[in-house]
Peer 1: 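Input: one structure, supplied below.
Quick note: residue numbers are just sequence positions, from 1. For clarity, every value in this text was computed on a predicted model and none was experimentally measured. No hydrogens, no waters, no symmetry mates; every other heavy atom, side chains included, goes into these values.
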Amino acid sequence: MKLSRRTSWFLLAFGAWSWMIWITFARNLYKDASGLAFDNAGDPTAYFWVHLALAVTSFILGTAVGVIGLRGVRANSGK
């Protein structure tokens, strides 16, 4: 299956965007002072673990989408 140049660039950009958004989210989650992510003793709450799992999953999917886009861009660059 061949991807168009436009689709390849879109997938690559989406993968990069996903990393930027979720890295920011993970940093903010770790620095949370509202009491949602960490209890009074400083231990992680269920909110923290669920959102960390979402971030890790998004990192993995963003990487996969970005790699597919990168391969498509490379395949189309010779044309």
Peer 1: With the 4.5 Å side-chain cut-off for hydrophobic clustering, are Trp19 and Leu70 part of the same group?
Peer 2: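 No, because Trp19 and Leu70 fall into different hydrophobic clusters, even though each may have its own neighbours under 4.5 Å.
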
Peer 1: With a 4.5 Å cut-off on side-chain heavy-atom distances among I, L, V, M, F, W and Y, is there a chain of contacts connecting Leu52 to Leu54?
Peer 2: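 The answer is yes; both residues are in one hydrophobic cluster.
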
Peer 1: For side-chain contact (heavy atoms from CB on, under 4.5 Å), just list the numbers for Asp43 and Phe48, CA-CA rounded to whole Å, side-chain angles, deciding distance to a tenth of an Å, and then say yes or no.
Peer 2: CA-CA 10 Å; Asp43 295 326; Phe48 175 84; over 6 Å; no

Peer 1: Assign the ring pair Phe38 / Tyr30 to parallel, tilted or perpendicular, where the plane angle (0 to 90°) is split at 30° and 60°.
Peer 2: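 Aromatic pair Phe38/Tyr30 classed perpendicular.
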
Peer 1: Ser18 and Ser58: which non-hydrogen atoms are nearest, and at how many Å?
Peer 2: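 Distance-wise, the nearest heavy atoms are OG-O, 3.5 Å.
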
Peer 1: Say you draw a straight line from CG of Asp32 to CG of Leu36; how long is it, rounded to the nearest 0.5 Å?
Peer 2: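 Answer for the CG-CG pair, Asp32 versus Leu36, is 5.5 Å.
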
Peer 1: Is there a path of hydrophobic side-chain contacts, each under 4.5 Å between heavy atoms of I, L, V, M, F, W or Y residues, that connects Ile23 with Val65?
Peer 2: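 Same cluster: Ile23 reaches Val65 through Ile, Leu, Val, Met, Phe, Trp or Tyr contacts under 4.5 Å.
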
Peer 1: To the nearest 0.5 Å, tell me how far His51 NE2 sits from Thr45 OG1.
Peer 2: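 That separation rounds to 9.5 Å.
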
Peer 1: Within this structure, what is the CG-OG distance for the pair Asn76 and Ser4, rounded to the nearest 0.5 Å?
Peer 2: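 Spacing of CG (Asn76) from OG (Ser4) equals 7.0 Å.
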
Peer 1: Show the nearest heavy-atom pair for residues Pro44 and Trp49, with the distance to one decimal.
Peer 2: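 Looks like CB-NE1, 3.4 Å.
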
Peer 1: So, using side chain to side chain contact (heavy atoms under 4.5 Å, CB included) as the criterion, who are the partners of Thr57 when residues are at least two apart?
Peer 2: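 Applying side chain to side chain contact (heavy atoms under 4.5 Å, CB included) to Thr57 gives Leu61.
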
Peer 1: Report yes if some heavy atom in the side chain of Val56 is under 4.5 Å from a heavy atom in the side chain of Trp22; otherwise report no.
Peer 2: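 No; the side chains remain at least 4.5 Å from each other.
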
Peer 1: Looking at Leu3 and Thr7, what are the two nearest heavy atoms and their distance?
Peer 2: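 So the two residues come closest at CD2-CG2, 4.2 Å.
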
Peer 1: Taking only distance into account, with no hydrogens and no angle test, what donor-acceptor pairs under 3.5 Å do side-chain atoms of residues 9-17 form with protein atoms, sequence neighbours excluded?
Peer 2:
none

